[in-house]
Amino acid sequence: MKTRNDREATAERLLRSSLDHSYEPSIDIDWDAPLVEGSWGLPEHRVSLYGTQLWEGLSDEQRRTLSVHELCSIARIGLWFEMILMQMLLRYSYDRDPRRRHIQYALVEIADECRHSVMFAKMTERYGVPDYAPRRLTHELGRLFKTIASGPAMFAGTLFVEEILDQLQREAMRDETVQPLTRMVNKIHVTEEARHVRYAREELIRIMPGTNAAERTVARYLSSRVAFVVARNLIHRDVYRSVGIDPAAGHRAALANPHHQEMLRWSARKLVPFLREQGLIGGPTEILWRKAHLI
């Protein structure tokens, strides 16, 4: 079991790393640099319609356009959840001793997430695409989750969103076919989110042994619900309108696309075994993970 001393030692290392390896996106990204013609927003094979009949009907330019819109949709769901996370971390810190390194790091993470949210917003603005905000029901579910989630559900939900984005961004930042702006945004996010993932994983390991059966059941349900909602909302259905595809038809084709389903499982491949070990995947709620094509 992780002890308080372990927790403080980890927080101390994370605080030092934050000093040495942090960015200020408003300065470290050249937002006025011209976009590179012919580059992709996402790697081609990660676009949701890749391999479908609808994909075959698109020109190369339309495919690249769709990749940029899907990139900004993914960034927008990330921004949405970062706002939720900041509120949960503030609530978490509010009741605890701010002299502890563990809580000081939580405050540093809030600052990181605030910069990331601005960075994602500026990227979407630079690409000139619409605001692919979550639909009303998803938005309100987020409001509920940030209000009631605590303990294991809070950290498991956070890990899901952070690790899914991390896998996609690590791949894209190394892909030279991808727009340099995307790659720089991904590099910044991957570097700083690595600390956030470490913090959440260790905290989850520390608190799970102290939970009772009822708490684990609630955490399982909330975690599976977050996973399902986020997976289904990574790609906003309105992105298909950018290339002349009916949003409902594009959405149906993406959900049925084996390539897209495999991408979701691939993005969750490191997280799922960890959450199983912690007892947060299993029982009746596992069906939501399967319906979301995450396992």
Side-chain angles (χ1 to χ4, degrees), residues 2 10 14 42-43 45-46 48 73-75 77-82 84-85 88-89 92 106 109 112-113 116 120 138 141-142 145-146 149-174 186 189-209 211 215-235 259-295:
K2 296 285 184 180
T10 295
L14 294 175
L42 295 169
H45 66 290
R46 297 303 181 198
S48 66
S73 172
I74 293 169
I77 203 74
L79 190 161
W80 168 76
F81 198 84
E82 284 178 341
I84 292 171
L85 174 57
M88 292 193 300
L89 282 172
Y92 178 75
E109 182 170 335
D112 289 345
E113 298 293 15
H116 295 169
F120 287 159
T138 301
L141 286 172
F145 180 75
K146 63 92 176 174
S150 61
M154 167 185 163
F155 288 106
T158 296
L159 276 171
F160 175 76
V161 178
E162 289 181 339
E163 294 218 21
I164 293 297
L165 291 179
D166 182 75
Q167 293 302 303
L168 293 168
Q169 291 176 332
R170 283 181 185 274
E171 180 186 55
M173 76 182 194
R174 301 186 183 103
N186 289 351
H189 199 247
V190 162
T191 299
E192 298 185 345
E193 287 294 324
R195 297 190 292 267
H196 304 174
V197 167
R198 173 75 180 277
Y199 182 75
R201 277 186 173 241
E202 294 216 0
E203 187 62 7
L204 197 56
I205 292 170
R206 191 193 71 81
I207 63 180
M208 282 307 295
T211 59
E215 289 169 331
R216 289 191 294 275
T217 298
V218 170
R220 257 195 221 116
Y221 173 75
L222 290 176
S223 301
S224 66
R225 180 56 65 181
V226 167
F228 181 82
V229 168
V230 171
R232 283 294 174 91
N233 286 273
L234 276 178
I235 308 301
H259 289 286
H260 185 58
Q261 294 172 8
E262 178 54 34
M263 181 276 286
L264 291 167
R265 285 189 290 271
W266 170 83
S267 68
R269 71 194 188 284
K270 294 184 177 180
L271 177 63
V272 166
F274 173 74
L275 292 183
R276 281 198 188 281
E277 288 176 7
Q278 302 307 313
L280 290 172
I281 295 180
T285 59
E286 187 164 332
I287 192 171
L288 285 174
W289 291 85
R290 295 190 182 280
K291 285 180 66 176
H293 304 295
L294 295 165
I295 57 177

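Note that the coordinates shown come from a computational prediction; the quantities given were computed from them, not determined experimentally.
- The two residues Glu202 and Thr10 make their nearest non-hydrogen contact at OE1-OG1, 2.8 Å.
- To the nearest 0.5 Å, the span separating OG on Ser48 from NE2 on His259 amounts to 12.0 Å.
- Taking the six-membered ring where the residue is Trp, Tyr199 and Phe155 present perpendicular rings, their angle passing 60° and hence far from 30°.
- Within the structure, the salt bridge (charged side-chain N to carboxylate O under 4.0 Å, His left out) test picks out no pair touching residues 221-232 (sequence neighbours left out).
- Rounded to the nearest 0.5 Å, atoms CZ (Phe274) and CZ (Arg201) are 5.0 Å apart.
- Contact check for Val229 versus Phe145: no side-chain heavy atoms found under the 4.5 Å cut-off.
- The ring pair (Phe, Tyr, Trp, His ring centres under 6.0 Å) contacts involving residues 276-295 comprise Phe160-Trp289, where partners must be two or more places apart or lie in separate chains.
- Residues Ile84 and Gly142 approach most closely at CD1-CA, 3.6 Å, considering heavy atoms.
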key: Trace of the side chain to side chain contact (heavy atoms under 4.5 Å, CB included) decision for Glu109 with Arg195   = CA-CA 9 Å; Glu109 182 170 335; Arg195 297 190 292 267; over 6 Å; no
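- Listed by chain and residue number, nothing satisfies the salt bridge (Lys or Arg N to Asp or Glu O under 4.0 Å) test with Glu215 (two or more places apart in sequence, or in another chain).
- The line from CZ of Arg290 to CD1 of Ile295 is 4.0 Å long, rounded to the nearest 0.5 Å.
- Counting only heavy atoms from C-beta outward, the side chains of Val230 and Trp80 approach each other to under 4.5 Å.
- Arg269 meets the salt bridge (Lys or Arg N to Asp or Glu O under 4.0 Å) test with no other residue; sequence neighbours excluded.
- Taking both residues in full, the closest heavy atoms of Thr158 and Met88 are given as OG1-CE, 4.0 Å, listed atom of the first, atom of the second, then distance.
- Not counting sequence neighbours, His45 has no partner by the ring-ring contact (aromatic ring centres under 6.0 Å, His included) test.
- With a 4.5 Å cut-off on side-chain heavy atoms, Arg265 and Leu294 do not count as touching.
- The main-chain N or O of Leu14 is never found under 3.5 Å from a side-chain atom of Arg198 such that the two would form a donor-acceptor pair.
- Considering only heavy atoms from C-beta on, Glu193 stays 4.5 Å or farther from Asp112 through its side chain.
- Rounding to the nearest 0.5 angstrom, the gap separating the CG atom in Leu288 from the OG atom in Ser223 is 11.0 Å.
- Partners of Glu203 by side chain to side chain donor-acceptor pair (under 3.5 Å), not counting sequence neighbours, listed by chain and number: Arg7, Tyr92, Arg206.
- Ile235 is listed as a side-chain neighbour of Ile74, based on a closest heavy-atom distance under 4.5 Å.
- For the pair Leu85 and Glu162, the tightest heavy-atom approach, listed with the atom from each and the gap, is CD2-OE2, 3.6 Å.
- Under the rule for a side chain to side chain contact (heavy atoms under 4.5 Å, CB included), the partners of Asn186 that lie at least two apart in sequence or sit in another chain are Gln169, Ala172, Met173, Thr182.
- When the side chain to side chain donor-acceptor pair (under 3.5 Å) test is applied to Glu113, the partners found at least two apart in sequence or on another chain are His116, His196.
- The two residues Arg216 and Thr211 make their nearest non-hydrogen contact at NH1-O, 2.5 Å.
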ask   = When you look at Leu141 and Val226, which way does the side chain to side chain contact (heavy atoms under 4.5 Å, CB included) test go after all the steps?
value = CA-CA 9 Å; Leu141 286 172; Val226 167; over 6 Å; no
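- Listed by chain and residue number, Glu171 satisfy the salt bridge (Lys or Arg N to Asp or Glu O under 4.0 Å) test with Arg46 (two or more places apart in sequence, or in another chain).
- In this structure, Val197 and Glu163 have side chains that are in contact, with non-hydrogen atoms separated by less than 4.5 Å.
- How far CG of Leu168 is from OG of Ser267: 5.5 Å, rounded to the nearest 0.5 Å.
- Qualifying side chain to side chain donor-acceptor pair (under 3.5 Å) partners for Arg174, counting only residues two or more places apart in sequence or in other chains: none.
- Note that CE of Met263 and CD of Gln261 are 10.5 Å apart. Values are rounded to the nearest 0.5 Å.
- Side-chain contact between Ile207 and Pro152 is present, with heavy atoms from C-beta onward closer than 4.5 Å.
- Nearest approach of Ala292 to Ala231, heavy atoms of both residues: CB-CB, 3.9 Å.
- The side chain to side chain donor-acceptor pair (under 3.5 Å) check on Ser224 picks up nothing, with sequence neighbours excluded.
- A 4.5 Å side-chain heavy-atom check between Met208 and Leu280 finds at least one atom pair inside the cut-off.
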request  = For side chain to side chain contact (heavy atoms under 4.5 Å, CB included), just list the numbers for Ile205 and Gln278, CA-CA rounded to whole Å, side-chain angles, deciding distance to a tenth of an Å, and then say yes or no.
outcome  = CA-CA 7 Å; Ile205 292 170; Gln278 302 307 313; 3.8 Å; yes
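- Here Phe120 pairs with His189 under the ring-ring contact (aromatic ring centres under 6.0 Å, His included) rule; sequence neighbours left out.
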